[in-house]
Amino acid sequence: MRTSQLLICTLKETPADAEVISHQLMLRAGMIRKLAAGVYTWLPMGLRALRKVEQIVRDEMNRAGAQEVLMPAVQPAELWQESGRWEKYGPELLRIKDRHQRDFCFGPTHEEVITDLIRREIRSYKQLPANFYQIQTKFRDEIRPRFGVMRAREFLMKDAYSFHTDEASLDQTYRTMHETYCRIFSRCGLNFRPVQADTGSIGGEGSHEFHVLAQSGEDAIAFSDTSGYAANVELAEAIAPSTPRPAAADQMKSIATPNQHSIAEISAFLNVAPEQTLKTLLVKGVDNTVVALVVRGDHELNTIKAEKLEQIEKPFTFASADAIRAVANCDAGSLGPVGLKIPVIADRAAAHLANFVCGANQNGMHLTGVNWGRDVAEPVVADLRNVVEGDPSPDGNGKLQIQRGIEVGHIFKLGKKYSSAMNATCLDDGGRSVVMTMGCYGIGVSRVVASAIEQNHDDKGIVWPDAIAPFTAVLLPMNAHKSPRVAEATEKLYQDLIAAGIDVLLDDRKERAGVMFADMDLIGIPHRIVVGERGLDAGNVEYKHRRDAQSRDLPISSLVEYLTSAISTSRKA
RNA sequence: CGGGGCGUAGCGCAGCCUGGUAGCGCACCUCCUUGGGGUGGAGGUGGUCGGAGGUUCAAAUCCUCUCGCCCCGACCA
């Protein structure tokens, strides 16, 4: 393609509302434009990258034996009422009415539609297992769309649904999808990790998320420095200390701590380490009760873990300031477990402390030298906190490290949730009717594009991995309008590269060299070839990879061969 | 949905407090210049100041309402 036929709308200045680097660069490079909150147009340059990701996904899904379908974006309410999600899904489901006032929704996901299709079409175990996927636009009316296409309301997703007569078959497809996802993200040139994930409301069996590692990621993931263990911090178990609790040595004392509330203030004021203090949080319990949750001062409460406790009200909610006063007779900054007449649940690490500091349930006062079982009843113990860097890995091997990640994929053993609600059955080999078992497998295709940029950029712009770059190579002629030699040599190379199957862009705009360089650096095309009078005398062109600091001369005659091999090596890498 | 902020030319912003001619940089158009890292110069196009109502001789500016967007907390690919 030639730039004269391509909409190149690069921006020098960064639009004010773009917060993360991928959003800024996608706008600046002319890949996307916003139409409404969380709703974007993909311009030609952006669409090329999106299509490349899509093609890799399609390729690998087909390779794994999945079949492509395309389901409607608009779905009738009846199906959602049947599965029970018309009520449960909440305001995130975009509901619409047709001219006859019939209810529809714009699909945020397609379990209902696929299950409806399969229950009509699949009769026999002989037709299973089967895995169907589509690459399609979804709409989720997110509370807060942000970060450009990273968390848009309308986005492109690959979703797949598999059907089985038994668990073993589901396990097998699940493993195949796990491998397939690894292949997909590797081919996209991404640094990623599969991690164990929360199975949420569906519960049970198994779920993995695939995270692209990046500073701007919205999730924290924990992984072992020695084993393969990796899990979302939401889920990662904080295991109990292996040593016995130290003996009670100090006397409990009451100390005035005027205007000291936070753990940081208290530990500085009393000159004790935060890990020798306890933090007490009051939350809503079931049946209008209040429950005290206790974690070590240097730890953070994990509300997802807390919410799973039977004593805790769902959804998880902190107690109001008034409720705190009512049960503890003080404000939040002075809470402690001693003397509380409500259930106390302590994190494993908090329960392991001896001679600790905590609030005295009296404003401006704290207690030191406190011990469980002596000064206050032994608490109920549970895993309540977020793991922190250096914690032992739950699988017993090594220590945990924590990094931020962008969730680009999620695979899930659904089980019979939808198939039983919607009565999707088939006959097994004994002629008995069985409810099919399902798996589902998602990839945020548009999010993959953004996450690739988060991971691959510099101060000049995007640095695309070869496999998903909008163009693999770009030809920049220097002063082509004045030099017929340059124009001619460039044209010849352009034809040769096309013939060699390389996705090449020829910049035939009448722009100054600096403008071309700056635009192409911003857009991030990996392989750059500059054709100029200088090199031509020696039969050379200049080659530079977007990652290289310096360009180097290559004989024109060997360029096609050189590029072909450079591109295939980087594909492997 | 709660809390904070912003709507002035395609983009980035000033002007608003203290009402009186709508401005700057980039982009865009024309001409000259330059021609290997966003050349330099001259001239030019483009805005009912988000919308509605009000106060006033006079509103981008003050008041009320409304719409949109962005940022901080609960969702997810």
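So you know, we letter chains A, B, ... as the sequences are listed, proteins then strands, and number each from 1.
- Using a 4.0 Å heavy-atom criterion, one finds that R146(A) contacts the sugar-phosphate atoms exclusively.
- G7(B) atom P lies 15 Å from atom NZ of K34(A), rounded to whole Å.
- When the P atom of C76(B) is taken as reference, atom CD of E92(A) falls 7 Å away, rounded to whole Å.
- For the P atoms, the distance from C63(B) to U48(B) is 24 Å, rounded to whole Å.
- For L475(A) and G36(B), the CG to P distance is 19 Å, given to the nearest whole Å.
- Here C75(B) is the nucleotide among C75(B), G12(B), C70(B) with the atom lying nearest to any side-chain atom of R151(A).
- Taking atom P on both nucleotides, A14(B) is separated from A9(B) by 12 Å, rounded to a whole Å.
- Judged by a 6.0 Å distance limit and a 45° cone about the ring axis, R48(A) is positioned over the six-membered ring of F471(A).
- Taking only side-chain atoms of H410(A), from C-beta outward, the nucleotide of G36(B), C70(B), A77(B) with the closest atom is A77(B).
- Rounded to whole Å, the separation between the P atoms of A22(B) and C26(B) comes to 23 Å.
- Within the 4.5 Å cutoff, no side-chain heavy atoms of N479(A) are placed close to those of V486(A).
- Residue H211(A) is classed as having no contact, given no heavy-atom separation below 4.0 Å to the nucleic acid.
- When the P atom is used for both G68(B) and G23(B), the distance is 32 Å, rounded to whole Å.
- Across A77(B), G12(B), C72(B), the shortest atom-to-atom separation from the side chain of E142(A) is found for A77(B).
- A 3.5 Å limit on both hydrogen-bonding distances identifies no Watson-Crick or G-U partner for U55(B).
- Rounded to whole Å, atom P of G10(B) lies 17 Å from atom CG of L43(A).
- Comparing the same atom, P, in A58(B) and in A42(B) gives a spacing of 42 Å after rounding to whole Å.
- At a threshold of 4.0 angstrom between heavy atoms, the contacts of G409(A) are confined to the sugar-phosphate backbone, with no base atom among them.
- Closest to the P15(A) side chain, of the nucleotides C11(B), A77(B), G36(B), is C11(B).
- Between R325(A) and D331(A), at least one side-chain N (NZ, or NE/NH1/NH2) sits under 4.0 Å from a carboxylate O, which counts as a salt bridge.
- Atom CZ in R528(A) sits about 11 Å away from atom P in G37(B), given to the nearest Å.
- Nucleic acid contact for V515(A): base, since at least one base atom lies under 4.0 Å from a heavy atom of the residue.
- Straight-line distance from the CD atom of Q24(A) to the P atom of C11(B): 16 Å, rounded to whole Å.
- Taking only side-chain atoms of E19(A), from C-beta outward, the nucleotide of C11(B), C72(B), C76(B) with the closest atom is C72(B).
- Among the atoms of the strands shown, base atoms are found under 4.0 Å from some heavy atom of D521(A).
- The neighbour count for D537(A) CG, taken as heavy atoms of other residues, nucleotides or ligands under 6.0 Å away, is above 12.
- Residue A16(A) is classed as a sugar-phosphate contact, given heavy-atom separations below 4.0 Å to backbone atoms only.
- Nucleotide A74(B) has no partner under the Watson-Crick or G-U criteria, as no pair reaches both atom distances under 3.5 Å.
- Using the Watson-Crick or G-U wobble rule with both distances under 3.5 Å, G43(B) pairs with C29(B).
- Between C76(B) and R153(A), no contact under 4.0 Å exists linking OP1 or OP2 to a side-chain N or O.
- For I143(A) and G3(B), the CD1 to P distance is 16 Å, given to the nearest whole Å.
- Nearest-nucleotide positions on RNA chain B for V530(A) and F210(A) put V530(A) closer to the 5' end.
- Under 4.0 angstrom from either OP1 or OP2 of U39(B) there lies at least one side-chain N or O belonging to R512(A).
- Rounded to whole Å, the P atom of C62(B) lies 11 Å from the corresponding atom of G7(B).
- Nucleotide G23(B): paired with C13(B) (Watson-Crick or G-U wobble, both distances less than 3.5 Å).
- Side-chain atoms of R28(A) and base atoms of C11(B) include no donor and acceptor less than 3.5 Å apart.
- The gap from the P atom of G54(B) to that of A59(B) amounts to 12 Å, rounded to the nearest Å.
- When the nucleotides A27(B), A74(B), A77(B) are ranked by their closest atom to the side chain of R144(A), A74(B) comes out on top.
- Base-pair partner of C69(B): G5(B) (Watson-Crick or G-U wobble, both distances under 3.5 Å).
- One finds no salt bridge joining R528(A) and D548(A) here, because no Lys/Arg side-chain nitrogen approaches an Asp/Glu carboxylate oxygen to under 4.0 Å.
- Between G15(B) and U33(B), the distance separating the two P atoms is 41 Å to the nearest Å.
- A donor-acceptor contact shorter than 3.5 Å links the side chain of D458(A) to the backbone of G461(A).
- Using a 4.0 Å cut-off between charged side-chain N and carboxylate O, E19(A) and R146(A) make no salt bridge.
- The aromatic ring of F155(A) stacks onto the base of A77(B), its centre lying under 5.5 Å from the centre of the six-membered base ring with the two planes under 30° apart.
- Between A74(B), G25(B), C76(B), one nucleotide has an atom nearer to the side chain of E13(A) than all others, and that is G25(B).
- U34(B) is unpaired under the Watson-Crick or G-U wobble criterion, no partner having all donor-acceptor distances under 3.5 Å.
- Between the CD atom of E307(A) and the P atom of A74(B) there is a distance of 12 Å, given to the nearest Å.
- Base engagement by D219(A) is indicated by at least one non-hydrogen atom pair under 4.0 Å involving a base atom.
- Cation-pi geometry between R95(A) and W86(A) is met: under 6.0 angstrom from the ring centre, within 45 degrees of the axis.
- Relative to the side chain of K12(A), the nucleotides A77(B), G38(B), G36(B) differ in distance, and G38(B) lies closest.
- Here A160(A) lies out of heavy-atom contact (under 4.0 Å) with every strand.
- Nucleotides of RNA chain B nearest to G535(A) and Y89(A) differ in position, and the one nearer the 5' end is that of G535(A).
- E218(A) and R151(A) are joined by a salt bridge, as a carboxylate oxygen and a charged side-chain nitrogen come within less than 4.0 angstrom of each other.
- Remark: U61(B) base-pairs with no nucleotide in the shown strands. Criterion, Watson-Crick or G-U wobble with two distances under 3.5 Å.
- You won't find any donor-acceptor pair under 3.5 Å spanning the side chain of N479(A) and the base of G36(B), going by distance alone.
- Among the nucleotides G12(B), A77(B), G37(B), the one closest to the side chain of R140(A) is A77(B).
- Looking at heavy-atom distances under 4.0 Å, T14(A) makes contact with sugar-phosphate atoms alone, never a base.
- In summary, the aromatic rings of H410(A) and H208(A) are positioned with their centroids too far apart to meet the 6.0 Å limit.
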